[in-house]
Amino acid sequence: MRLWRLLRSAPALPGYLLLTGAIIINILVQGPDFFSMDNFNSIFSVNAPLIMAAIAQTVVVLTGEIDLSIGSNMTLVNTIAILLANQYHWPVGGSWLTALLAGTLVGVLNGLIVAYLRIPSLLATFSTMSVVSGLALWVLPKPGGTVPSEVYSAYGGYLVGLPTTVWIIATVVALWAIISKYPIGKYIRAVGGRERSAYASGIRIERVKLFAHTFSGFVTGLAGLCLTALMASGDPKIGLPFGLNSIAAVILGGTILSGGWGGIGGSIAGALFLGLVSNIVFFLFNNFAGLIPGIGNVSSFYQQLLSNLIVIFGLASAVFTPRKKNGIGLPKTREGMTKDAV
Amino acid sequence: MRFNFNNLNFKPGSGMQRNVMAAVRGNQMLMALFIALLLFVIGGFVSTNFLSLTNIGSILSMAVLLGFVAAGQTLVVISGGEGVDLSVGAATSLGAVLAVEIMHGQNNAIIPALILIIAAGALIGILNAIGIIVARVPPLVMTMAMANVVTTVQLIYTNGTPTGHPAGLVALIGSGRLLPVLPWLVVIGILAMVLMQALLRHTTYGYQLYAVGSNSNASYLAGVRVSLIRGGAYVLSGMLSAMAGFWLIAYNNFAFVNMGVAYTLPSVAAVVIGGTSLAGGGGSYSGTMIGAIVLTVLGSLLVVLHTDEAGRQIINGVVLIALLAAYTRRPPIRQ
Amino acid sequence: MSKKVASWLVLLLTMVAAVSLALSVANAKDTKKNGFNVALLNGTNSNAWRLQMEQNMQTVANKYKAQGIIGKYSVFVANNDATTQAQQMQQLINSGVDAILINPVSATSLSPLIDKAVAKGILVMGIDQHISHPKVISVTTDQYAWAKIQAEWLAKQIDKKGNILQFDAIAGAPANDVRHQAYADVLARYPDIKVLKLVNMDWDEGKAKQLMTTLLSAYPNFDAILCQDGAAVGIINALQEAKHPLPKAITSDEWIAYLRLWHDLNQKNPGKPLNAIIVENPPGIGADGLQIVVRLLQGKKLKSGVLTSDPSDKGNKNAILIKPTLVITNANMEEWYEKTKDKPDTYYIDSVLSQKEIDKLFN
Amino acid sequence: MLQMLDIGKRFGAVTALKNASLSLMPGEIRALLGANGSGKSTLVKILGGMVKLDSGNILLDGKPLLIQSPRDSRQNAIAVAYQDLSLVPQLSVADNIMLGREPRGRAGLVESARVRQGALELLNRLQVEVDPDALVSELDTATQSLVEVAKALAWEPRMLVLDEVTASLHHDQVQRLFALLRGMRQSGLAILFVSHRFDEVFSLCDTATVLRGGETMSAVSISQVDYSDLIHAMTGKWPEKIRAAQLESKLPKKRDIVLSLSNLHVQNKVKRVSLKVHSGEIVGLGGLQGQGQAETLRAIFGAVSFSEGDMVFGGAPVKFRSPGDAVRQGIGFISGDREREGVLPVRSVTENLFLAKMALKGFFSTINSHWLFTGAKETIRQLKIVAEGPDSPANSLSGGNQQKLVVGRWLMVKPRLLLLDDPTKGVDINARREIHQLLRQMAEHGTTIIISSSDNEELLDIADRILVFYEGKVVAELCNDQKTEAQLVSAMLGVNRTSGGGDD
């Protein structure tokens with residue numbers, strides 16, 4: 001009973017549990033190599049863009065909205081950063097800051113459309129996705145460009161004993177923690193929890209949504225920059241998978257799509273879970289596939305099947321996330337949560 | 001029964017209101033239709049041939065294909081509960097792949113192919129329904145994950161490359177025309193509209209589907225088996241989408257893995273532009289078909305306009321935003 | 001309560017980190033003559049062409065395995081996700097392989113990892129798509145030459161004048177861009193050929209069909225169609241359905257389904273054959289790459305002059321461009337139709353360089 | 001202090017308010033009365049900034065006041081506690097109470113200690129025992145209502161609007177709240193009190209404003225009027241006439257047992273409840289809110305599962321796994337929460353009426369729309385439902401008419417047993433009487449009825465027999481001459497047990 005209560009009261013717990021499970025399986029299939037700093041570094045540096053995208057998505061989902069355009073926004077940031085540095089020979093700092101600004105502006109645009117035009121965000125961001133990927137293609141019609149090796153080796157390297165990407169993620173987490181201490185942090189959850197109540201309490205929900213999308217755009221911009229540093233190049237199609245993957249990470253992390261419940265901790269765990277799944281599948285097939293006869297020629301299909309199935313299994317853990325009360329069978333007082341239950 | 005007092009002198013639901021409500025509800029579809037016509041006219045300015053009967057026929061048959069994929073989507077969106085089915089594209093692809101693999105050009109294999117396609121679609125729907133209703137995974141994510149699995153299954157089934165082609169009769173229907181403006185596919189589309197209308201308006205299932213979408217708790221307490229109705233929407237969606245795959249290869253004459261995926265998000269857009277609210281409980285399939293026509297005309301128009309791919313995508317997005325802003329805005333909280 | 005769990009997790013992770021520092025294992029690397037560990041990173045396997053490439057490579061790898069030259073050959077697919085590919089590459093580097101062949105998700109974007117791999121002495125090779133990195137040899141079909149053959153042929157067929165429609169593939173995809181450039185360069189020499197309309201069909205026959213159908217409304221009067229692979233079947237279907245006359249000439253791909261369609265058209269209209277061209281873009285390029293990699297691992301040196309620069313990467317001399325040799329027109333169409341009769345519809349006309357041809361590249 | 005003059009508001013073609021006026025003085029407690037659909041809640045929402053007015057003026061201290069959002073209203077010291085609550089279920093009690101006016105410290109950060117403390121003070125003033133860190137979704141409705149009041153008080157308003165907040169409170173909670181409000185009146189707080197319960201109005205309020213059809217009919221001093229004056233102002237009819245029109249309930253002659261429960265146990269809520277119900281009987285379930293009545297009804301219906309106990313329905317032991325099973329066995333259920341559990345808001349009157357009937361028909365039976373249409377028209381006529389026609393959406397009807405739709409839904413299937421969970425909550429007095437008459441008629445035609453109600457008068461009025469619940473047990477059974485208000489109230493409060501129940 002206590003465990004059940006615990007599960008239901010910690011928004012991010014499903015994500016942590018899933019991640020712990022994935023880590024254990026990963027250790028089993030990878031062996032002791034897992035426990036090397038280099039391994040952690042590679043996991044974090046490769047997955048930092050998804051982690052950041054998941055954080056960006058979480059903030060929007062907390063307000064009860066969704067952002068499909070995160071992937072194309074990351075692409076736009078990537079192409080702008082590369083174009084300015086390579087074609088116009090701007091300094092890296094300037095071009096990357098400009099790209100970050102562009103990512104934030106896309107967030108502002110989404111916010112304006114969702115909050116003030118009141119178009120359902122699923123469709124609004126589906127439309128902006130088209131606009132933004134068009135812009136990315138216009139900025140950089142074909143893949144190319146490079147990032148100075150100092151930048152990408154710093155990105156993939158260490159800083160004071162920890163992988164650089166861990167610091168980057170920690171900075172964003174700290175930033176969000178500070179924002180959460182401001183009223184806006186509460187308002188974001190209030191708007192997602194019950195928009196009408198938030199409004200009746202005097203909260204300007206349009207501004208809250210605009211803020212959430214703007215912040216999300218900013219973090220998406222950082223995600224795009226992480227992707228640029230990881231890939232060290234520009235590509236007008238590179239961010240495509242991040243839109244839906246970031247949503248999957250958010251759900252895996254225990255945040256509920258209807259808003260108001262969840263947190264970025266879970267989403268980070270969810271994103272890492274997705275990263276570890278491809279790791280697990282890699283090691284399973286690298287270390288053990290040879291032992292099973294008959295899957296040699298088509299093994300690559302089964303890699304996909306396996307990782308898809310693991311992800312579905314993870315999603316089923318959404319059972320543990322509490323829902324908005326649905327009124328059937330009197331759940332006004334939650335089971336085991338009334339005074340006399342303890 | 002007899003009541004001997006009649007002091008009900010307050011009348012909040014006055015006559016005018018109903019007319020306005022009906023007009024507004026009708027309006028979304030009318031408006032979509034108007035926009036479709038407007039886009040045709042703009043196309044006519046770009047190129048006079050755009051308005052030729054042949055071209056209108058071609059656009060309509062392309063729209064019907066999108067409309068088929070959006071059929072199941074319509075049911076799922078009506079069923080409410082944040083319902084959306086992102087596996088329609090994958091189910092369509094699977095239907096297409098199965099269709100060519102089983103038919104292999106033989107007319108007498110049409111029936112077995114149809115049976116298998118529908119069964120496969122139903123299986124996808126059943127798995128979606130189990131995930132969404134039993135494990136309570138949000139529909140958006142469950143169907144997205146299911147789409148990935150279905151894609152992989154196609155790869156394993158076909159070893160990456162579907163072989164075969166549709167039966168002659170099927171290909172004839174898929175690409176032939178009754179009149180220049182009336183391809184057979186459009187006739188099938190009209191038939192589908194009639195059947196969907198019958199399902200939604202003239203069966204108890206459709207009746208209960210709207211009820212569940214409008215208020216699932218109330219329906220549950222009135223004895224409606226909400227899980228079966230809502231789950232049924234996903235199962236029907238899988239079946240209808242797989243059938244859409246059948247018509248897709250009828251039109252295209254060939255199949256490849258994942259050929260329907262490009263229809264996934266447009267199917268949601270078609271449903272919404274056609275006047276079905278994402279909140280559930282309302283809407284119609286004829287609206288969805290009109291939404292599909294709007295999107296298809298827009299796509300065709302962008303092809304004949306003088307822009308490059310980047311420009312096309314940008315204009316596409318901006319026009320979509322404008323369309324959505326014109327009539328799918330949520331009401332403000334403050335009235 | 002959740003704080004408690006969180007602190008447990010933090011504790012667990014700290015322990016893991018501590019153990020990991022204690023256990024960090026050094027990977028010794030030895031030089032060897034055979035028993036190589038080779039891996040393929042395929043960006044996607046969800047299209048027939050890539051799959052055929054993978055299968056060709058598997059066949060070659062099995063042969064080498066039987067000879068003991070390759071000890072382990074593994075394939076990983078990234079599902080078109082660049083970060084998944086990066087992660088796979090990272091893990092391959094960590095686990096120590098001898099060579100990595102990559103058909104990249106994003107052709108320009110693996111530099112940091114390639115640096116790492118090269119530093120560890122791993123041989124990295126790009127196949128099918130060129131990788132822009134000075135230390136990486138890419139084995140690709142010469143896409144520029146491929147497109148040039150097509151465009152030149154087309155210009156000749158319409159007497160260097162007329163209106164054409166052009167179907168490109170995905171804007172931003174490297175092969176597409178090289179081909180686009182080649183088309184443009186050739187057409188620049190024929191000022192009387194006018195491109196009425198350029199569209200992108202995304203290597204999707206279905207989309208090609210819908211595009212052609214739409215284009216007919218605005219541009220019914222064209223002489224020829226210049227298109228990359230993956231579109232001609234859709235285009236011809238669209239034209240037939242609209243009962244529109246077939247173009248004076250059409251370029252396209254090596255899909256067997258197309259060859260058969262072409263054959264059937266000619267059978268139906270003996271007097272008026274379809275004027276088409278197929279230039280091979282063989283999936284066997286991957287197998288070629290694998291054969292070259294094995295020789296490089298064995299310590300053989302490439303002849304000078306084998307390495308040239310790719311049109312997309314003029315700064316580096318790091319490309320082995322395999323010129324397309326097989327060209328099918330009406331002259332030899334029937335012959336190839338017969339030769340491929342037992343292949344499935346989705347087969348691509350293929351060729352793998354023989355051992356001898358490969359050996360010619362080396363000293 | 002506050003004046004609302006000639007307020008008008010239309011929603012589409014519907015006029016919700018025309019020429020409604022209201023005034024409020026410091027230290028005054030004014031009741032706002034009116035039947036459902038009279039515009040009370042619209043007026044309250046205008047004050048709260050949730051609805052914008054079309055015409056008219058609001059004056060605060062003689063100066064025009066423009067309310068453009070709830071924020072404007074709160075900043076002008078007007079706080080509204082809403083009937084449907086303005087709480088966010090996923091936030092804690094303390095966060096909810098201080099939402100929008102978080103005490104901020106250095107660098108503008110929210111000081112959570114002060115949030116908690118501020119909330120705690122307010123909760124203590126209201127004498128609510130609730131953990132300020134608990135999530136609102138974990139609370140029962142009564143506590144949620146009190147938190148809503150605390151939240152309104154957090155704005156330190158000069159004017160407090162309470163919109164039916166007492167509807168789900170039990171007797172002693174109401175008394176404590178009233179004591180607090182009377183105290184606050186001394187310090188100059190003006191209170192606008194909206195309620196359907198006349199006894200509360202008479203015990204708390206100084207003055208009353210009565211709305212009818214969106215217009216202010218009268219503004220009176222409570223001490224100068226009585227019950228029937230107010231009814232007359234609200235309805236335009238004198239209550240005597242209505243009373244005279246009531247049908248006398250007759251006890252059915254047949255006494256075969258339709259339903260019997262023995263030792264029914266629902267986790268934490270219902271403890272070993274046994275009861276027998278005879279055919280054609282109307283059994284009332286009384287008691288304070290949340291003593292297990294609702295759970296008992298829902299356990300019978302299969303909407304919540306019971307862990308122990310046996311149920312015999314129609315002579316056979318049964319245990320329904322879902323309401324669907326119960327409906328197929330001839331049981332109906334009406335919830336008082338029509339918004340969440342009653343009507344299908346965007347669907348038509350017809351569809352609402354035929355819902356239960358359709359649920360009985362399986363999935364792929366065909367529907368004859370003409371037959372539906374005439375059937376619906378007949379029911380609309382029979383139940384005197386005020387609607388434009390069978391096709392108008394349910395949310396265009398007033399609350400009382402919406403609830404009649406739900407009743408009509410079961411009238412169509414003629415269940416053997418009808419369960420009602422506080423069916424007339426928030427329904428105005430006329431519609432309530434009509435619903436009662438319908439129930440009596442159904443009982444005469446053999447339908448057995450079990451009804452729970454938070455309104456004692458309703459129970460005494462309609463039930464042949466009343467079972468009183470206290471802490472999940474039946475503590476009293478009142479019939480015939482025991483059926484008095486005094487007996488009922490004392491049993492509700494857990495004193496003076498007459499029968500039933502059992503262990504201590």
Side-chain angles (χ1 to χ4, degrees), chain B residues 43-44 46-52 54-59 61-62 65 96 100 104 148 151-152 154-155 158-165 171 174-177 180 183 248-249 251-263 296 299-306 308-310 312-313, chain C residues 44-55 77 79-80 168-172 176 196-221 230 233-234 236-238 240-244 255-258 260-261 343-348:
Chain B
V46 176
S47 150
T48 45
N49 261 325
F50 200 82
L51 291 177
S52 71
T54 327
N55 190 49
I56 292 175
S58 313
I59 289 179
S61 54
M62 289 187 245
L65 290 175
V100 292
H104 260 289
N148 289 337
T151 302
T152 322
Q154 289 169 56
L155 288 172
T158 61
N159 205 5
T161 55
T163 54
H165 45 97
S175 51
R177 289 184 186 220
L248 194 60
I249 55 109
Y251 175 82
N252 276 337
N253 253 317
F254 49 78
F256 52 92
V257 168
N258 251 347
M259 73 189 296
V261 164
Y263 288 99
T296 313
S300 299
L301 189 59
L302 288 177
V303 170
V304 295
L305 282 179
H306 296 277
D308 59 358
E309 183 64 17
R312 240 167 264 155
Q313 290 185 13
Chain C
T44 175
N45 61 1
S46 54
N47 67 59
W49 195 97
R50 288 286 184 99
L51 201 81
Q52 201 171 322
M53 178 194 91
E54 220 178 75
Q55 284 163 347
V77 178
N79 235 345
N80 266 330
D168 273 8
I170 300 177
N176 175 76
L196 286 176
K197 187 74 192 173
L198 164 73
V199 288
N200 292 78
M201 50 69 185
D202 300 351
W203 276 303
D204 177 342
E205 298 270 6
K207 191 170 176 193
K209 179 174 179 184
Q210 300 205 352
L211 284 171
M212 189 65 237
T213 306
T214 307
L215 286 176
L216 276 178
S217 72
Y219 307 96
N221 301 313
V233 177
I236 289 177
N237 274 337
Q240 283 182 311
E241 253 160 55
K243 307 218 163 44
H244 193 279
W255 202 24
I256 292 289
Y258 176 55
R260 289 178 187 163
L261 178 72
K343 298 287 186 191
D345 254 2
T346 44
Y347 182 76
Y348 286 83

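The basis for the numbers below is simple: all heavy atoms, side chains too, and nothing from hydrogens, waters or symmetry mates. Every chain is numbered from 1 and lettered A, B, ... according to where its sequence line falls, protein lines coming before strand lines.
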Residue [X] versus chain C: region with a heavy atom under 4.5 Å:
X: B/L65; result: side chain
X: B/S175; result: both
X: B/F254; result: side chain
X: B/T54; result: neither
X: B/F256; result: side chain
X: B/L305; result: backbone

As an exercise, state the distance from [atom1] of [X] to [atom2] of [Y], rounded to the nearest 0.5 Å.
X: C/T44; Y: B/N258; atom1: OG1; atom2: CG; result: 8.5 Å
X: C/K209; Y: B/Y251; atom1: NZ; atom2: OH; result: 4.5 Å
X: C/T214; Y: B/L301; atom1: OG1; atom2: CG; result: 10.0 Å
X: B/T152; Y: C/N79; atom1: OG1; atom2: CG; result: 7.0 Å

With distance as the sole test, does C/N237 use its side chain to make a donor-acceptor pair with the main-chain N or O of B/N252 at under 3.5 Å?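 Yes, the answer is positive, given that a donor and an acceptor are paired below the 3.5 Å cut-off.
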To check you understand the geometry: which heavy-atom pair defines the closest contact between [X] and [Y], and what is its length?
X: B/N49; Y: C/P220; value: ND2-CG, 3.3 Å
X: B/S58; Y: C/T213; value: CB-CG2, 3.1 Å
X: B/S47; Y: C/S217; value: OG-O, 3.0 Å

Look at B/G176, B/P162, B/S52 and state which one has the largest set of heavy-atom pairs under 4.5 Å with chain C.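 If we count pairs closer than 4.5 Å to chain C, B/P162 comes out on top.
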For C/V199, which of B/V303, B/L302, B/D308, B/V304 qualifies under side chain to side chain contact (heavy atoms under 4.5 Å, CB included)?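 Of all the options given, the one that passes is B/V303.
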Under 4.5 Å from a heavy atom of chain B, the part of C/Y219 involved: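 Looking at C/Y219, just its side chain touches chain B.
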Which answer fits C/N45, side chain, backbone, both or neither, if we ask what part of it has an atom under 4.5 Å from a heavy atom of chain B?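 For C/N45, the contact with chain B is made by backbone and side chain together.
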Using a 4.5 Å cut-off on heavy atoms from C-beta on, say whether the side chain of C/D168 contacts that of B/E309.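 In short, these two side chains do not touch, never coming nearer than 4.5 Å.
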Between C/E205, C/Q240, C/R50, who has the most heavy-atom pairs with chain B when the cutoff is under 4.5 Å?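 Answer, by heavy-atom pair count under 4.5 Å with chain B: C/E205.
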Tell me every residue that passes side chain to side chain donor-acceptor pair (under 3.5 Å) with C/D202, counting only those two or more places apart in sequence or in another chain.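 Only C/K207 meet the side chain to side chain donor-acceptor pair (under 3.5 Å) criterion with C/D202.
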